[in-house]
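As C-alpha cells, the structure follows; a few thoughts come after it.
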Amino acid sequence: MVEKEKIDLRVRLGSLELATPIVTASGTSGYGLEYADLADFSAIGAFFTKSITLEPRKGNPPPRVVETRAGLLNAIGLANVGLEVFLKEKVPQFKRIPSPVIVNVAGRTIDEYTQVAAKLDEVEQINGLELNISCPNVKEGGQTIGTDAKQVSKIVSALRQVVKRCLLVVKLSPNVTDILEPAKAAVEAGADCLSLVNTFTSLAIDINKQQPILANITGGLSGPAIKPIALYMVHRVYTQLCKKANVPIIGMGGVQFGSDAIEFLLAGATAVGVGTALFVEPNSPAILAEDIKKYLADRGLESPAEITGKLQLPEKTD
Amino acid sequence: MPPKNNLTRIFQSRRRHYRGRVVGRRDISREFAWIDLEAEQFTGAKPGQFVIVQCADNTDQLAGHAWQDTTQWPRAKGVELQDRVALLRRPFSIADMPHGRDGSRFSLHFRAVGPGTRWLAENARLGAELQIIGPLGNGFKIKDVHQAILVAGGIGAAAMSFLAKELRNQGSEVVLLLGAKNRELLPFSLIDGAVIDSEGEPSLCCEFFSELGVRVSISTDDGSVGKSGLLSETLADYLSRHRELSQSGTVVYTCGPEAMMAKIVQVAAQQQLPCQVCMERHMACGLGACQACVCRQKQNQDESDWVYKLVCSNGPVFDGQSILW
C-alpha cells in the first residue's frame, strides 16, 4: 500500500504533461467556462473544447438529443461560433483553465480543416488540436472522412504540414468494420496521439408517431451503453498498433465511474475522456481522479502509467 | 508543459451544486406532486428559472462514485443494469420559494410521466436528499407590470405559481388561465365548493392562487371541468370581455405545450399585448455546454433571418413574438 498523497497522477501525452489522466470529451463541456463553478478544474488533465469550424454553424434543428436506455443520442450538428468569434471571444477565457487546452477542429473539406488548424496552431494558449474526422451528424466532413482510411491518411498528412507546435490528436470513428485501418492510416501520416471512440451512428423511434425522434433522423450514441464496445476498440488499437508505435491513446466511451476509467487504462489508454457523464455530474473528473488514486494506492502503484495496457490475457489453449 | 495549478482556486466554489433535503410533500392527484426542498446554498431565484435534478438511484452518485475503504467498488447501479432508468438530470421550474427569495427553501411541482419523474415521485419522500444544480436560466421580467395574465397548459403551471406570487408581492393584478386535458390532469387542486365558471371567467377556485388573491379560470379539452376548449380561445374570450386590459402595463405570460404557446402569442399580439413564453426542450447539461436545447429566434421581422438560442442559458423565458415556432 502506498500513501495516497504520494501517488502522482500525472501522465505524459506526447509533448504535454497532464495533471491527471482524466480529460473532458469534446462537445460535452462547451468552450471552457460553462462548468466553472460546478467542477474542480485542477482534476482535469486536458480540456477538450467543442468542435470549431471555419465559418459559424447553426447546427441541426431540434430535437437534437434523446435519452435512450443507458445512453444518449445526439445530433447537434457541430453548432459552433466559427473560427473568428472563437479566437476573439473564447480563446481569451483559456487563461482561466489550469490544464492544457486542446481544441477540436472540424470542417467540410480537407482545405477547411487545414485553414482552421494552421490558424489555431499559432495561438499560444492552445496546446493541442484534435482532428474531428468522426462526427456522425454532418453531411460533409466528419465521419465521411474518418471511415475511409485513404481519406484519413490524406487529411492527417495535410494537417501534419501545418500543425507545427500543437499536439496533433486524431479522433477516430467507431462506425467502421475494423477501427485498426483508420488508426493505422492516422499514425502513419504522423498523428501524435489517437482519441477513440466518437459516438456510434444510431436511431431512436417514436412508435406513436412512427417517426424518428431526432430531427436529423440519426444521431450519435454515447453513455454507459457503448462502454464495452469502446473498450474493445481501444484494446485492439493499443495491442495491434499503438503499443509498438509508441503513440498514446485517449480512451473514451461511456465512462461514468472510476472503475470505467481504470478499465480504459488497462485496455491501453494513457488518458481517459469523460463526456456524457459530465451532464450528470459536472465534477466527474475530480471524482474519477480520486478513485484512480485509491485504486493505485491499494496496489502499491504510484502512477497511472503503470497500469496502461496491463490487461492480463489468458494463455491461449486450443 | 507543467500543469498551471496556481490558477485552480477560482474553480473551487461549487456554488450552484448541492443536495436539497425534502422537507414537504403533497400529492395533488394520481400524477401530480409538489415537494418543498431545503438547501442552504439555494437562494435568490427568480420566477421562470429552473433547477436540474438527478432522478435515478445513483442520486447518491457523489457518495457512490467515491471509493470507500474496505468496501467493494462502487457499482453502476441502475444505469447499466435496470430498465428505463433516467441517465440525465431532469429540469424543473422553480414553483415557489416559500420563505421568500432570500430563503433557502424552494418547491418543485411535477407530473410523474417518464422514468425520471416517476423515480422522483417514488423517492422524494420527507427527509430524502436530492442532487440539485441551480437556479439556472434567465427568468421572467416583471418590472413595471400592472396587470398580468398568466396562461398555463398542464404542468406548464409549475412555472406560474412562483411568478404569480412575485407579481402579487409587487402589487400587480394577476389572473391565471389554467388548461388541462381533463379534470384528472389538472395540476392543482380546486377548492371545495368553489364556483367554476363554464365560460372561463376566473374565480378564487384554485389552491395556492386563491391565497394570493389570484382568480383562476379553468378550461379542459373535454369540458369535464370549467370551460370546454382550448386555452387560446379562453384567452381570446377573456380579452374581449376585459377591453380595459389593452393598455400599457399588461403582460401575458405563458408556459405549456409548444403549439398552445404559439397560439397564445398570436392572440396576445392581436391585442398588442407583450407575451413572455417559458420554453421547454430536451436538455442534456442545462448549463449551455451541450448545445442541445435550441429554439429559433427571429432577428427582426424577416422570418428567414433567425438564430438558434439555447433554452437553458439564453432562456427559458423569451419574448414570445421573437420565437419562430
Side-chain angles (χ1 to χ4, degrees), chain A residues 10 15-19 27-31 34-42 45 50 58-59 61-67 69-72 74 76 79-80 95-100 127 223-225 227 256-260 276 278-284 287-288 290-291 293-295, chain B residues 1-17 52 54 56 58 61-62 64-67 69 73-76 78-89 114-116 131 133 281-296 306-308 311 313:
Chain A
R10 287 180 298 175
S15 56
L16 301 180
E17 184 177 279
L18 315 188
T28 58
S29 37
Y31 293 113
E34 283 84 349
Y35 297 147
D37 54 0
L38 293 165
D40 174 4
F41 273 50
S42 67
K50 249 196 97 49
K58 280 182 172 175
R64 289 180 172 187
V65 292
V66 58
E67 192 176 309
R69 217 165 293 170
L72 175 68
N74 89 77
I76 306 296
N80 80 94
K95 63 176 186 289
R96 292 182 61 198
I97 296 177
S99 71
N127 309 98
K227 190 189 75 180
Q256 188 175 18
F257 302 106
S259 53
D260 302 327
T276 304
L278 291 172
F279 302 148
V280 186
E281 174 47 72
N283 202 33
S284 291
I287 297 164
L288 268 56
E290 202 51 38
D291 281 354
K293 215 180 236 188
K294 173 69 180 162
Y295 178 86
Chain B
M1 194 203 85
K4 299 175 269 179
N5 268 332
N6 52 336
L7 289 161
T8 58
R9 222 172 308 135
I10 50 166
F11 294 107
Q12 300 294 338
S13 69
R14 300 178 59 203
R15 63 183 166 84
R16 291 185 299 174
H17 185 295
I52 50 177
Q54 207 164 298
N58 51 358
Q61 208 160 321
L62 285 182
H65 257 308
W67 188 285
D69 289 309
W73 269 101
R75 282 176 49 221
V79 174
E80 288 196 33
L81 304 173
Q82 285 173 17
D83 199 38
R84 300 296 286 165
V85 171
L87 172 66
L88 299 172
R89 289 169 183 257
Q131 292 283 345
I133 292 177
R281 277 284 183 281
H282 285 298
M283 292 177 186
C285 72
L287 301 162
C290 73
Q291 310 275 317
C293 57
V294 289
C295 64
R296 295 192 297 168
W306 55 267
V307 291
Y308 277 131
V311 169
S313 42

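In what follows, chains carry the letters A, B, and so on, assigned in the order in which the sequence lines appear, proteins first and then strands, with residues in each chain numbered from 1. Computed over heavy atoms, backbone and side chain alike; hydrogens, waters and symmetry mates excluded.
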(request) Sort B:I133 into side chain, backbone, both or neither according to what part of it lies under 4.5 angstrom from a heavy atom of chain A. (result) side chain
(request) Would you name the heavy atoms of B:L87 and A:L72 that are closest together and state the gap between them? (result) CD2-N, 4.5 Å
(message) For a 4.5 angstrom cut-off between non-hydrogen side-chain atoms, does B:H282 reach A:V66?
(response) no
(message) With rounding to the nearest 0.5 angstrom, report the SG to CD distance, B:C285 to A:E34.
(response) 8.0 Å
(message) On a heavy-atom basis, which atom in B:C290 and which in A:F279 lie closest, and how many Å separate them?
(response) CB-CZ, 3.5 Å
(request) Only one of A:N80, A:N74, A:I76 passes side chain to side chain contact (heavy atoms under 4.5 Å, CB included) with B:Q291; say which it is. (result) A:I76
(message) With chain B as the partner, which of A:G223, A:P63, A:G45, A:P61 has the greatest number of non-hydrogen pairs under 4.5 Å?
(response) A:P61
(message) Tell me which of these, A:G30, A:P62, A:G59, has more heavy-atom pairs under 4.5 Å with chain B than the rest.
(response) A:P62
(request) Please report the shortest heavy-atom distance between A:K58 and B:Y308, naming the atom on each side. (result) O-CD1, 3.1 Å
(request) Could you check which of B:V307, B:V294, B:L287 has the highest count of heavy-atom pairs closer than 4.5 Å to chain A? (result) B:V294
(request) Specify the closest pair of heavy atoms between B:A289 and A:Y35, including all atoms of both residues, with the distance to one decimal. (result) CB-OH, 3.6 Å
(request) Calculate, to the nearest 0.5 Å, the distance between atoms CD and CD belonging to B:Q131 and A:E281 respectively. (result) 6.5 Å
(request) Let me know if A:K293 has heavy atoms under 4.5 Å from chain B in its side chain, its backbone, both or neither. (result) neither
(request) List in chain and number order the residues that pass side-chain hydrogen bond (donor to acceptor under 3.5 Å, both in side chains) with A:T28, two or more places apart in sequence or in another chain; answer none if no residue qualifies. (result) none
